[in-house]
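This report concerns only the one structure given below.
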Amino acid sequence: MLGSFSQFFLDLYESNPKWNFIYFYDPKQADRVLEGLWTTLELSVVCVIFSVVIGVAGAWLQTLPNRLVRMVVQGYIQFFRNTPPLIQLMFFYFALGQFTPTYSPDGWLEIPIISNVGWAIISLSFFAGAFNVEIFRAGIEAIPESTKEASESLGFSRLQTYRYIVLPLAFRVSLPALNNNLVNLVKTTTQALVIAVPELLYQMVSIYNDYSTSMNACMLLLFVVYIVLVGILVFGMQRWERAMNIPGYGS
Amino acid sequence: MSENEMNSEQPIVSLKDVHKSFGDLEVLKGISFDVKKGEVICIIGPSGSGKSTLIRCINALNDINSGSIKVHGREVHDPKLDKLELRKKVGMVFQQFNLFPHKTALENVMMAPVLVLKQNKEEVRKRAEDLIRKVRLQGKEDSYPGELSGGQQQRVAIARSLAMNPDVMLFDEVTSALDPETVKEVLVTIKELAQEGMTCILVTHEMGFAKEVADHIYFTDNGVIVEHGPPSTFFTESSDPRTREFLSQIL
């Protein structure tokens, strides 16, 4: 019945009981892997986007003259940068989760309006966003005052100077650091396991809890998936960096 | 154009008793002079004598503490002044060129007329190409600033400033950051401008150049104009010991 591919892994398991690649011959386990992979991808993409938006917004808020605004942003950065993301996830889901409103689809169940996936997205986006604020701020500060003066003396408004001169340059300066932080973010999504988000690590742990002989195979799959996933991200970011490269500018 | 502006005897730039302090340090201690249309004036003097500050005050990159600076009869440091209007009339070239590194030479020249003056892009392109030719950089239109020598960058900066069709050009030690062999090409460009009747205010250390192109030379030291006169008499008949000492060191 089974294809030769599945048969191979079944045979392998029979001859080597420590190498049970169960997800290659048991369709139910394969589905769990795919679901985990999909959730991980979804979580990664959404968090990358939100964290970049938070980073840009925070860096912009920090250029405002209002001291209170800048202090709030500073406080946010200190909190999220100086505490472990695992604790942040637990805090958001278990502590703040208690206070979020619920709704009831059938008059019996009470479902919180923010799911565990929702909390993972919020928590991880703010975590990576805090670093992104600092990354973009450093990029903006790297643009010399004299370049801004040149555009000012050509009659550019403050907004035009930012839009056409400062931000395009600051973004290029920020890209390598942003690259690192996003890699970190993708890897940190595995910690959403602690609030039962069905991402890849969660699924793999579930599989080897059910079938303890599959542990080695599950670990192997995790490493391979993350090497490929982060590899794609880094490849894309580096191509983007090269595309944005200006001849004779920077390195 | 109003009657006043047509009158060639009416100064384009007029400074009266200008004072400027940075904190406790008073860098300008009552500077007054007039610049008429088509006139070329050179400001010389030892480092730290306030020359650059002075020139930066004329297009409101620095504010002043007291006194008056008028361009076309309009007070530059009036808080209600439209800085855009001022900067359309006053071009500025900097010591460090301050080109926009992410734009090609041609784009550098085109940016301000297109974005600030909202002129038609194709017409601006034609004019920008003419200006690039005028500063003898034909063939370098698509080069990025990082691919050009200092002298070439500075000539792009001059073209960029001219693209706004200013009435006055300010040159802030524009050859000080250049290799000796490229100084000349920049000075030739400025000389041609001066001969075409462009009103120029230059801060410079190039005494030979000042002698050749200036209609009037001002020697500043310690925040005041110590001595001034046309080059024919300034270099030979200056009487103040500070001027003589400075000239003896530099000539």
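Order of the sequence lines fixes the chain letters, A, B, ..., with proteins taken first and strands second; residue numbering starts at 1 for each chain. Please read these numbers as outputs of a predicted model, since none were measured by experiment.
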**Item:** Smallest separation among heavy atoms of A/T147 and B/L99, with atom names
**Value:** CG2-O, 4.5 Å

**Request:** Look only at the side chain of B/H102 and the backbone of A/N245, and say whether a donor-acceptor pair between them is shorter than 3.5 Å.
**Result:** no

**Message:** Using a 3.5 Å distance criterion without hydrogens, assess whether the side chain of A/Q160 forms a donor-acceptor pair with backbone atoms of B/L115.
**Reply:** yes

**Asked** Below 4.0 angstrom, N of the basic side chain to O of the carboxylate: do B/K83 and A/E152 qualify?
**Response** no

**Asked** So how far is it from A/S151 OG to B/N108 CG, rounded to the nearest 0.5 Å?
**Response** 11.0 Å

**Message:** Using modelled atom types and a 3.5 Å cut-off, is there a donor and acceptor pairing between side-chain atoms of B/N98 and backbone atoms of A/S146?
**Reply:** yes

**Prompt:** Do you know which two heavy atoms are closest between B/F94 and A/A150, and how far apart they sit?
**Reply:** CE1-CA, 3.6 Å

**Asked** Do B/K103 and A/I246 come within less than 4.5 Å of each other through their side chains, counting heavy atoms only?
**Response** no

**Item:** Closest approach of A/L169 to B/P101 (non-hydrogen atoms, all atoms of both residues)
**Value:** CD2-CG, 3.6 Å

**Message:** Heavy-atom count check: over 12 atoms from other residues, nucleotides or ligands less than 6.0 Å from A/F50 CZ?
**Reply:** no

**Item:** B/V93 versus chain A, the contacting section by heavy-atom distance below 4.5 Å
**Value:** neither

**Request:** Tell me, out of B/L117, B/L61, B/N59, who's got the most heavy-atom pairs with chain A below 4.5 Å.
**Result:** B/L61

**Asked** What's the spacing between B/R160 CZ and A/L154 CG if we round to 0.5 Å?
**Response** 5.0 Å

**Asked** Just wondering, are more than 12 heavy atoms of other shown residues or ligands nearer than 6.0 Å to CE in A/M90?
**Response** no

**Message:** Can you confirm whether A/L159 is buried at CG, in the sense that more than 12 heavy atoms of other residues, nucleotides or ligands lie under 6.0 Å from that atom?
**Reply:** no

**Message:** For A/R163, is the CZ atom crowded, meaning more than 12 foreign heavy atoms sit under 6.0 Å from it?
**Reply:** no

**Item:** Option in B/M92, B/R56, B/R87, B/E85 with maximal non-hydrogen atom pairs under 4.5 Å from chain A
**Value:** B/R87

**Message:** Given heavy-atom pairs under 4.5 angstrom as the criterion, report whether the side chain, backbone, both or neither of A/S157 touches chain B.
**Reply:** neither

**Prompt:** Taking B/A163, B/A157, B/A112 one by one, which has the highest count of heavy-atom pairs under 4.5 Å against chain A?
**Reply:** B/A112

